[in-house]
**Student:** 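What follows is a single structure, and I will ask about it in a moment.
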2 protein chains.
Amino acid sequence: MEHRRADTIAEELEELIFSGVYADGDRLDEVRLAEHFGVSRTPLREALQRLALSGLVELIPRRGAFVRQPGPVELLEMFEVMAELEAVCARLAARRISDTALTELRAANESCQQAVEARDADAYYFENERFHSIIYQQSGNSFLAQEAAKLHKRLQPFRRQQLRFRGRMAQSMAEHEEIVRALENGAANPAAEALRNHVAVQGEKFHQLMASLKSAAE
Amino acid sequence: MEHRRADTIAEELEELIFSGVYADGDRLDEVRLAEHFGVSRTPLREALQRLALSGLVELIPRRGAFVRQPGPVELLEMFEVMAELEAVCARLAARRISDTALTELRAANESCQQAVEARDADAYYFENERFHSIIYQQSGNSFLAQEAAKLHKRLQPFRRQQLRFRGRMAQSMAEHEEIVRALENGAANPAAEALRNHVAVQGEKFHQLMASLKSAAE
DNA sequence: AGACCTATTCTTGTATACAAAAGTATTGAC
DNA sequence: GTCAATACTTTTGTATACAAGAATAGGTCT
């Protein structure tokens, strides 16, 4: 498997970084990565340029590409922005959401619930993403939906950790229920508040987790 | 002036697109651009990859790079998101803003006012950017500040147009005053509301402008 | 021994060469 | 004249080659 294939390199590399193969600060060796993907340095460098703007990778001239995993502070900030973006989505969606979308939302929530009962984490993540994605779409603002989806994806690996907390999954489902009810009633502010808290609590839980890890290390 | 220089190509190209040299849908010819910058296709293609993620350029495989200027609908959506982002910044900044930052804010506003009186559009844009940038920073969330600044920059060329409206500059200054007062009082919601409206009205004015241009063309 | 300078090696940045796909023009048939 | 098929041209995608900066190791002087 030598050459004649690329185009998906950026995505594959992104996946590699997301999945935690590389730690923060790791240098990405061009020749090694090129070998790994079975391509030359040219397309690999193009992929790195792509990744640079999304913040996953920092390109230092004449030095190389370094993995840039967000630290605890930056993560909290990102969760805060996510909470606000979702709140806006909810506020707009409360007025604009269609009946079919509401049906889909209930279906996604149902599937979510089943995943919780079956303790199927993968299915839960999938359905949870669907749930949130529907709300983004129904904001009626496709630019907003796009930005929200982008950040959601970026935070996905960190959301995983905060579900370790006992009872968090059940609480999360209750919050989903509340969100759906608010959207059904077309209640803009309650929907926004519910979604903001739903996401913000994830950031807080994450913070708690980090703090507990840190104090345990001391 | 042949080779040995790049690194800034992405920025220069971005500037070229921003300044309106290329229209929506224009194809960016790699060899021509490479010649124009005095480099080979390799670094130029890397620059294009960079620009692709920010949405300025669409890369269609085996077809080439096409300029992607947002249409009226997308612009309105972007202004809507900008308004919400700034509102969040204001809400957070109202609690966290420092005295020195408030002083700077007043200074920026003063300079803005002077630029209006001198009818110096360039100075106005510069000071206006400074004004908003301070609020982003004072949100205390650097990720948020970064995202807000990014979108602000992207919308900059379109803001220019809506200031043609008679009296808009003076109104804008009054809105700035109101924002500063709310921040001084630490009034989170009023500050958020004031800033949201301040930005949202820009989107509406822009919409009016587009509509008038369209009806004039018929 | 430690600091400094130099030679060597490694890695990035860029140009060029070539292959494959898309686009264009020319020819021929109806 | 229009359509289709084929040859030709243009342009993208990728590999490779080479140049220059950064890192490193080895040696020298104090």
Side-chain angles (χ1 to χ4, degrees), chain A residues 1-70, chain B residues 1-70:
Chain A
M1 53 341 214
E2 264 38 61
H3 44 132
R4 301 304 106 172
R5 47 80 88 225
D7 218 41
T8 55
I9 290 183
E11 282 84 346
E12 287 181 43
L13 189 49
E14 192 180 51
E15 207 54 48
L16 270 182
I17 296 174
F18 268 151
S19 65
V21 176
Y22 298 101
D24 184 55
D26 280 6
R27 183 170 141 275
L28 296 171
D29 191 272
E30 291 184 2
V31 291
R32 202 192 322 237
L33 274 177
E35 260 172 36
H36 175 262
F37 285 114
V39 296
S40 85
R41 277 175 56 224
T42 312
L44 188 114
R45 278 177 60 88
E46 292 188 357
L48 285 177
Q49 297 286 341
R50 265 194 155 165
L51 262 54
L53 212 69
S54 71
L56 272 173
V57 154
E58 189 176 7
L59 250 45
I60 304 179
R62 292 264 166 220
R63 284 287 164 80
F66 296 84
V67 176
R68 176 114 171 57
Q69 299 279 21
Chain B
M1 55 329 222
E2 265 38 60
H3 44 134
R4 299 306 105 172
R5 45 83 85 227
D7 220 40
T8 54
I9 290 184
E11 281 85 345
E12 288 181 42
L13 190 48
E14 193 180 52
E15 208 53 48
L16 271 182
I17 296 174
F18 268 152
S19 64
V21 176
Y22 298 100
D24 183 56
D26 279 6
R27 183 169 141 274
L28 296 171
D29 192 271
E30 290 183 2
V31 291
R32 205 196 315 241
L33 274 176
E35 260 171 37
H36 176 262
F37 285 113
V39 296
S40 83
R41 279 174 55 223
T42 312
L44 188 113
R45 278 176 61 88
E46 292 188 357
L48 285 177
Q49 298 284 342
R50 269 196 152 166
L51 262 53
L53 212 67
S54 71
L56 271 174
V57 154
E58 189 178 7
L59 251 45
I60 305 180
R62 293 266 168 216
R63 283 287 163 82
F66 297 83
V67 175
R68 177 115 170 58
Q69 299 280 21

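These numbers come from a predicted model, not from an experiment. Naming convention: chains lettered A, B, ... in sequence-line order (proteins, then strands); numbering from 1 in each chain.
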**Student:** For residues 30-40 of chain B, tabulate all N or O donor-acceptor pairs below 3.5 Å that involve a side-chain atom, not counting sequence neighbours.
**Tutor:**
| from | atom 1 | to | atom 2 | distance (Å) |
| --- | --- | --- | --- | --- |
| B/Glu30 | OE1 | B/Arg41 | NE | 2.9 |
| B/Glu30 | OE1 | B/Arg41 | NH2 | 3.1 |
| B/Glu30 | OE2 | B/Arg45 | NH1 | 2.9 |
| B/Ser40 | OG | B/Thr42 | N | 3.3 |

**Student:** Whole-Å distance between D/dT11 C1' and B/Leu28 CG?
**Tutor:**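 So the two atoms are 14 Å apart, to the nearest Å.
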
**Student:** Quick one: salt bridge (Lys or Arg N to Asp or Glu O under 4.0 Å) pairs with a partner in residues 19-28 of chain A, sequence neighbours left out?
**Tutor:**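 Counting only pairs at least two positions apart or across chains, the salt bridge (Lys or Arg N to Asp or Glu O under 4.0 Å) contacts touching residues 19-28 of chain A are A/Arg27-A/Asp29.
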
**Student:** Rounded to the nearest angstrom, tell me the gap between atom CZ in B/Arg50 and atom P in C/dG13.
**Tutor:**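 So the CZ-P distance, B/Arg50 to C/dG13, works out to 10 Å.
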
**Student:** So, using side-chain contact (heavy atoms from CB on, under 4.5 Å) as the criterion, who are the partners of A/Glu58 when residues are at least two apart?
**Tutor:**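 Partners of A/Glu58 under the side-chain contact (heavy atoms from CB on, under 4.5 Å) test: A/Ile60, A/Arg68.
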
**Student:** Return the angle between end axes of the helix from C/dA1-D/dT30 to C/dC30-D/dG1, with five pairs used per end and rounding to 10°.
**Tutor:**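 Result, rounded to 10 degrees: 10°.
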
**Student:** Tell me which donor-acceptor pairs under 3.5 Å the side chains of residues 49-56 of chain B have, and how far apart each pair is, sequence neighbours excluded?
**Tutor:**
| from | atom 1 | to | atom 2 | distance (Å) |
| --- | --- | --- | --- | --- |
| B/Gln49 | OE1 | A/Arg50 | NE | 3.3 |
| B/Gln49 | NE2 | A/Glu46 | OE1 | 3.2 |
| B/Arg50 | NE | A/Gln49 | OE1 | 3.2 |
| B/Ser54 | OG | B/Leu51 | O | 2.9 |

**Student:** Starting at atom CG of B/Leu48, determine the distance to atom P of C/dT14, rounded to an integer number of angstrom.
**Tutor:**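 These atoms are roughly 14 Å apart.
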
**Student:** Between B/Leu33 (CG) and C/dT14 (P), how many Å, whole number?
**Tutor:**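 It works out to 16 Å between those atoms.
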
**Student:** Write down the distance between CZ (A/Arg45) and P (D/dA15), rounded to a whole number of angstrom.
**Tutor:**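 Taking atom P of D/dA15 as the reference, CZ of A/Arg45 is at 14 Å.
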
**Student:** Can you list the residues that meet the side-chain contact (heavy atoms from CB on, under 4.5 Å) rule with A/Ala65, with sequence neighbours excluded?
**Tutor:**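 So A/Ala65 forms a side-chain contact (heavy atoms from CB on, under 4.5 Å) with A/Leu28, A/Leu48, A/Val57, A/Leu59.
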
**Student:** Could you tell me the separation between the CG atom of B/Leu44 and the P atom of C/dG13, rounded to a whole number of Å?
**Tutor:**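 Atom CG in B/Leu44 sits about 16 Å away from atom P in C/dG13.
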
**Student:** According to side-chain contact (heavy atoms from CB on, under 4.5 Å), who are the partners of A/Glu15, at least two apart in sequence or on a separate chain?
**Tutor:**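 A/Glu15: no side-chain contact (heavy atoms from CB on, under 4.5 Å) contacts found.
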
**Student:** Polar atom pairs between nucleotides 7-11 of chain C and protein, under 3.5 Å, N or O only, would you list them?
**Tutor:**
| from | atom 1 | to | atom 2 | distance (Å) |
| --- | --- | --- | --- | --- |
| C/dT11 | O3' | A/Arg27 | NH2 | 3.0 |

**Student:** In whole Å, I'd like the distance from the CZ atom of B/Phe66 to the P atom of C/dA22.
**Tutor:**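 It is 13 Å, rounded to the nearest whole Å.
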
**Student:** From the options D/dG13, D/dT14, C/dG13, select the nucleotide whose nearest atom is closest to the side chain of A/Pro43.
**Tutor:**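 Closest of the options to the side chain of A/Pro43: D/dT14.
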
**Student:** So, does B/Ser40 get its side chain near the phosphate of C/dA15, meaning an N or O under 4.0 Å from OP1 or OP2?
**Tutor:**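 For B/Ser40, the contact criterion (side-chain N or O under 4.0 Å from OP1 or OP2 of C/dA15) is met.
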
**Student:** Select from A/Arg41 and B/Gln49 the residue whose nearest nucleotide in DNA chain D is closer to the 5' end of that strand.
**Tutor:**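 On the 5' side of the pair lies B/Gln49.
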
**Student:** C/dA21 P sits how many Å from B/Ile60 CD1, rounded?
**Tutor:**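 In whole Å, C/dA21 P and B/Ile60 CD1 are 18 Å from each other.
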
**Student:** Where do B/Ile9 and B/Pro43 come nearest, in terms of heavy atoms and distance?
**Tutor:**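 Scanning both residues, the minimum pair turns out to be CD1-CB, 4.5 Å.
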
